Chemist: 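Mind looking over this structure? Questions follow.
Predicted, not measured: the structure shown is a model, and the values here were computed from it.
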There are 2 protein chains.
Amino acid sequence: MTTEYSGGGDLSFSLKIMWRGGERPSRGPKPGLDLTRIVEAAIRVADAEGLAALSMRRIATELGVGTMSLYRYVPGKAELLDLMLDAVYGEDIDLEQDPGQEAARLRAGGWRAGLEEIARGSWALHLRHPWILQVSQARPVLGPSSITGLEIAMRLLDGIGLDDFQMMKVISLIDSYVTGTARLAVEAGQAAQRTGVSDEDFWQAQGPFIMRFMSDERFPTLTRAAEAGVFTVDDGDGFGFEFGLQRVLDGIEAFVAAAGREHPAPGTG
Amino acid sequence: MTTEYSGGGDLSFSLKIMWRGGERPSRGPKPGLDLTRIVEAAIRVADAEGLAALSMRRIATELGVGTMSLYRYVPGKAELLDLMLDAVYGEDIDLEQDPGQEAARLRAGGWRAGLEEIARGSWALHLRHPWILQVSQARPVLGPSSITGLEIAMRLLDGIGLDDFQMMKVISLIDSYVTGTARLAVEAGQAAQRTGVSDEDFWQAQGPFIMRFMSDERFPTLTRAAEAGVFTVDDGDGFGFEFGLQRVLDGIEAFVAAAGREHPAPGTG
DNA sequence: TCCTTACTGGGTACAGTGTACGAAGTTATG
DNA sequence: CATAACTTCGTACACTGTACCCAGTAAGGA
């Protein structure tokens with residue numbers, strides 16, 4: 001139970017095989033396996049059983065091969081995690097399509113609507129693959145998918161009055177918000193599964209402690225809020241994702257408006 | 001290399017020992033150790049050597065005791081992680097002080113300044129203990145420190161025109177933003193240490209790939225931004241934390257203003 | 001045709017992990 | 001002083017990633 005580290009191994013290997021398939025050598029037996037199948041199997045296992053269950057042996061079993069055979073295709077687990085990340089990042093991205101086209105589509109409803117769509121897509125991605133945030137990216141390995149996604153986002157914001165640094169910071173802000181919220185949501189979702197304790201059991205275990213120590217005079221506001229149901233009632237906006245997203249976008253919109261006032265430029269929305 | 005899971009073990013144990021010290025039994029030899037020393041040693045190791053180096057054996061060595069002796073004080077590693085989290089969360093919080101006093105102090109400069117202080121404190125905490133976000137909190141174990149911190153934040157926002165749900169969402173938003181950004185910062189900071197690859201070496205390894213594949217016609221915006229230095233130039237606002245924080249607070253401020261207009265209430269700032 | 005070379009598959013082994021179990025030592029109580 | 005309760009902690013087990021090595025396979029050269 002320790003954060004799995006990607007990017008720990010041979011960096012240029014990861015980059016090489018991510019950016020173009022390696023050329024098959026001429027001699028020797030034909031490989032019975034390929035990287036794509038390994039990565040897919042690994043993602044399948046991680047999705048279904050969690051990252052803790054993702055061992056090299058488990059992947060090999062899934063594929064019906066010997067454990068060490070995997071090391072003919074990938075130098076180590078760290079690189080495999082790199083590849084898994086790039087694979088899932090690419091789920092919503094068509095690498096063949098020109099990023100400009102996708103950016104243009106996103107811009108159609110204005111840059112704010114475009115950012116919203118990107119944020120919701122990323123949010124859904126994290127819920128679909130709850131292990132993503134458990135892979136500690138030592139350093140972001142710039143695979144084709146993340147690069148393309150970044151280009152799309154940058155082009156979406158290009159020309160609305162921000163400089164390159166400001167655009168990047170806006171994108172980082174959205175990313176930080178989405179991943180921060182996703183972390184909460186994902187961990188809460190996994191809790192029941194992993195601990196074998198349902199949400200109800202959990203709050204029943206916590207409840208007595210919460211109530212005992214909260215009903216005293218030290219925590220009046222929290223007591224009131226708990227009684228109002230903030231911990232238990234679900235208003236449909238899971239973990240306040242939509243609420244927070246709108247606040248963040250409001251803040252960005254104000255900034256863009258101010259920047260436009262300082263340096264008037266041909267705006268978009 | 002897998003995310004460490006807190007909250008996986010006996011939940012009521014964690015809660016009990018967090019909320020009050022256990023009573024010493026009368027018979028038997030006096031314990032040569034105590035929980036506090038174990039938790040402190042564990043935090044020391046995690047701070048200095050990273051979570052990956054934090055094994056029960058390592059902690060025992062640090063304390064000069066046998067590995068299994070630790071299990072007389074803590075049921076397992078998961079609970080120890082719970083305790084480590086509550087301990088560091090409590091670093092900036094005086095549990096003896098009335099939360100209301102601290103909230104009043106924070107409110108002095110207005111609720112926005114108070115939120116800013118909380119956010120910066122949390123940011124600093126995560127940089128001080130880079131392992132915090134690598135501990136996947138199955139479910140947030142509500143220890144005294146986090147409860148007190150939450151009460152302080154709630155009381156800071158109380159009476160500015162938001163209901164309890166809205167207050168909680170605002171606090172979650174700040175938390176999500178801070179942790180999301182901290183994750184980026186912490187992982188980048190740990191990368192050099194763990195991989196033995198310096199920042200320069202890293203960008204030199206990535207550089208050729210970045211340039212080769214970005215200079216083509218598919219990534220014009222990113223190419224321009226990279227040449228402008230967005231990936232390499234440091235403008236002092238590490239990872240855009242301050243930039244993003246101000247955008248988030250702007251968004252919250254607009255929301256508070258709108259809520260105040262709908263349901264006029266005695267405001268604060 | 002057969003040897004050489006290059007490759008793939010995968011078994012075994014090793015150092016590391018968390019922790020269950022149990023034996024041995026220590027202390028307060030009857 | 002025996003007993004019960006408690007401590008310390010060595011050993012053992014199932015698990016991990018992966019280094020090393022050997023057997024088997026396929027293509028190129030003689």
Chemist: Send over the distance from A/K77 NZ to D/dT16 C1', rounded to a whole Å.
Modeler: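 Taking NZ of A/K77 and C1' of D/dT16, I get 8 Å after rounding.
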
Chemist: A/L54 has an atom CG; how far is it from atom P of D/dC15, in whole Å?
Modeler: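 Distance check: A/L54 CG to D/dC15 P gives 16 Å.
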
Chemist: Expressed in angstrom and rounded to an integer, what is the separation of A/I59 atom CD1 from D/dC15 atom P?
Modeler: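 Going from A/I59 (CD1) to D/dC15 (P), I get 17 Å.
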
Chemist: How many Å lie between CG on B/D34 and C1' on D/dC6, as a whole number?
Modeler: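 Distance, rounded to whole Å: 17 Å.
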
Chemist: Show the distances under 3.5 angstrom between N or O atoms of the protein and N or O atoms of nucleotides 8-12 of chain D.
Modeler:
unit_1	atom_1	unit_2	atom_2	d
D/dT8	OP1	B/G32	N	3.0
D/dT8	OP1	B/Y73	OH	3.1
D/dT8	OP2	B/Y73	OH	3.2
D/dC9	OP2	B/G66	N	3.0
D/dC9	OP2	B/S69	OG	3.1

Chemist: Quick one: list whatever passes side chain to side chain contact (heavy atoms under 4.5 Å, CB included) with B/Q97, sequence neighbours left out.
Modeler: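 Checked B/Q97 against side chain to side chain contact (heavy atoms under 4.5 Å, CB included); matches are B/D94, B/Q101, B/E102.
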
Chemist: Do A/D92 and A/R128 sit within salt-bridge range, that is, some charged N less than 4.0 Å from a carboxylate O?
Modeler: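 Salt bridge present between A/D92 and A/R128.
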
Chemist: Tell me the interatomic distance from A/L51, atom CG, to D/dG17, atom P, rounded to whole angstroms.
Modeler: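 Nearest whole value for this atom pair: 10 Å.
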
Chemist: I'd like to know if A/R183 pairs up with B/D175 as an ion pair, taking the criterion as any Lys NZ or Arg NE/NH1/NH2 lying under 4.0 Å from an Asp or Glu carboxylate oxygen.
Modeler: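 Not counted as a salt bridge, because no side-chain N and carboxylate O are separated by less than 4.0 Å.
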
Chemist: Round to the nearest Å and state the distance from A/Y71 atom OH to D/dA19 atom P.
Modeler: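 In whole Å, D/dA19 P and A/Y71 OH are 7 Å from each other.
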
Chemist: I need the B/T223 OG1 to A/E151 CD distance, nearest 0.5 Å.
Modeler: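 It is 6.5 Å, given to the nearest 0.5 Å.
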
Chemist: Provide the closest heavy-atom pair for B/A42 versus B/M84 in the form atom of the first, atom of the second, distance.
Modeler: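 Looking at all heavy atoms of both residues, the shortest contact is CB-SD, 3.6 Å.
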
Chemist: Quick one: do A/R44 and A/E40 make a salt bridge, cutoff under 4.0 Å?
Modeler: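 Answer for the salt bridge query: no.
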
